Amino acid sequence: MATALVRGIPNSFDRAIVRGSGVEIDVEMARSQHQTYVDQLESAGYRLRLVPPDPAHPDCVFIEDTAVVIGTIAVITRPGAVPRRGEVEPVAEFLAADFELARLVAPATLDGGDVMVLGDTVYVGRSKRTNDYGIDQISSVAGEVGLSCVPIDVREVLHLKSAVLPIDDQTVVVTRGTVDERALGELRIVYEEERERNRFSALPLGNGLVMVAADAPKTGDRLAGLGFQVSPIDVSQIQLADGGLTCMSILYG
Ligand code: CIR
């Protein structure tokens with residue numbers, strides 16, 4: 001059965017790392033938006049596994065950054081933001097039940113938000129959070145299970161998946177100007193609507209169903225026009241902390 005590993009929102013979430021806005025985060029509203037997200041995963045058939053939130057780590061809801069599942073291996077990351085490194089261990093303990101673990105080691109840094117596994121290719125963003133050592137180490141793991149690795153320079157945004165959102169194994173939504181699209185090879189590119197720049201986010205749930213950020217309805221319409229069943233969700237408080245839809249879960253199975 002497909003599994004979703006998720007982590008709750010701590011009371012300290014209003015102290016999450018933010019890159020700009022200065023708008024205060026409403027923790028209760030964030031929690032209710034997160035609950036709707038978890039409910040959507042459950043309705044789509046995922047078995048939920050819940051890692052308890054940790055108030056010492058305001059960003060711990062962004063569990064995606066702590067581990068990447070590649071085939072039979074769970075890569076335990078070394079997050080680029082130093083205060084987030086303590087989020088990793090409780091997640092590793094959960095994943096150890098189902099996977100062989102491979103740990104990234106210093107001087108590597110890598111956030112799971114920079115990694116996109118599509119078919120037999122692992123795309124890895126080179127960003128402010130993910131360095132070349134991180135790319136080399138995850139590339140070795142990918143090689144062990146027969147997957148190839150494609151590094152992609154990321155500009156302007158936090159992570160690769162802030163700007164390149166997988167929709168299925170062949171399709172991605174891209175924010176123009178943030179990556180060298182040649183690295184995406186034969187993937188079908190759908191562009192984020194310019195008026196919705198940096199507001200789109202998505203999480204494919206299988207069978208053509210895609211959870212999408214309600215804040216970018218025109219981009220969602222583009223996907224619906226291609227035959228995807230889109231399910232909008234309001235994640236305004238998550239977006240204030242630079243998060244999107246992929247970052248709040250690790251899906252596998
Ligand atoms: C951070 O700056 O690390 C968090 N406030 C946001 C992380 C979002 N993660 C993701 O999109 N994978």
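Both counts, for ligands and for their atoms, begin at 1 and track the order of listing. Each residue takes its place number in the sequence, starting with 1. Values below: all heavy atoms of this structure, side chains included; hydrogens, waters and symmetry mates excluded. Everything numeric here is computed off the predicted structure, so don't read it as measured data.
For Tyr46, the ring pair (Phe, Tyr, Trp, His ring centres under 6.0 Å) test picks out no residue, with sequence neighbours left out.
The nearest heavy-atom contact from the protein to atom 11 (O) of ligand 1 is Cys247 CB, 3.2 Å. For atom 4 (C) of ligand 1, the closest non-hydrogen atom of the protein is Asp59 OD1, 3.1 Å. Among protein heavy atoms, atom 12 (N) of ligand 1 sits closest to Glu64 OE1, 2.7 Å. Summary of contacts: the protein heavy atom closest to atom 9 (N) of ligand 1 is Asp65 OD2, 2.8 Å.
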Review point. So Arg129 and Asp114, salt bridge (Lys or Arg N to Asp or Glu O under 4.0 Å) or not? Walk me through it.
Key: CA-CA 8 Å; Arg129 297 287 177 86; Asp114 275 316; over 6 Å; no
Point to revise | From CA spacing to verdict: salt bridge (Lys or Arg N to Asp or Glu O under 4.0 Å), Glu156, Arg197 | key: CA-CA 12 Å; Glu156 181 192 318; Arg197 192 169 178 83; 3.1 Å; yes
Point to revise | Audit row: Lys161, Glu64, salt bridge (Lys or Arg N to Asp or Glu O under 4.0 Å) steps and yes/no | key: CA-CA 11 Å; Lys161 279 189 284 188; Glu64 167 184 66; 2.7 Å; yes
Practice item. Show your working on salt bridge (Lys or Arg N to Asp or Glu O under 4.0 Å) between Glu89 and Arg103 and close with a plain yes or no. Key: CA-CA 11 Å; Glu89 222 31 62; Arg103 290 175 188 274; 3.1 Å; yes
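Residue Arg129 approaches ligand 1 through these ligand atoms, each under 4.0 Å from one of its heavy atoms: 1 (C), 2 (O), 3 (O). Ligand 1 places these atoms under 4.0 Å from at least one heavy atom of Phe62: 4 (C), 5 (N), 6 (C), 7 (C), 8 (C). In summary, the atoms of ligand 1 found under 4.0 Å from a heavy atom of Asp242, numbered by their order in the structure, are 6 (C), 8 (C).
Considering backbone and side-chain N/O of Ala241, one or more are found under 3.5 Å from N/O of ligand 1. Among the atoms of Thr246, none of the N or O lies under 3.5 angstrom from an N or O of ligand 1.
The number of heavy-atom neighbours closer than 6.0 Å to CG of Asp180, taken from other residues, nucleotides and ligands shown, is above 12.
Using a 30° and 60° split on the angle between ring planes, Phe99 and Tyr252 fall in the perpendicular class, above 60°.
At a heavy-atom distance under 4.0 Å, only side-chain atoms of His159, from C-beta outward, approach ligand 1.
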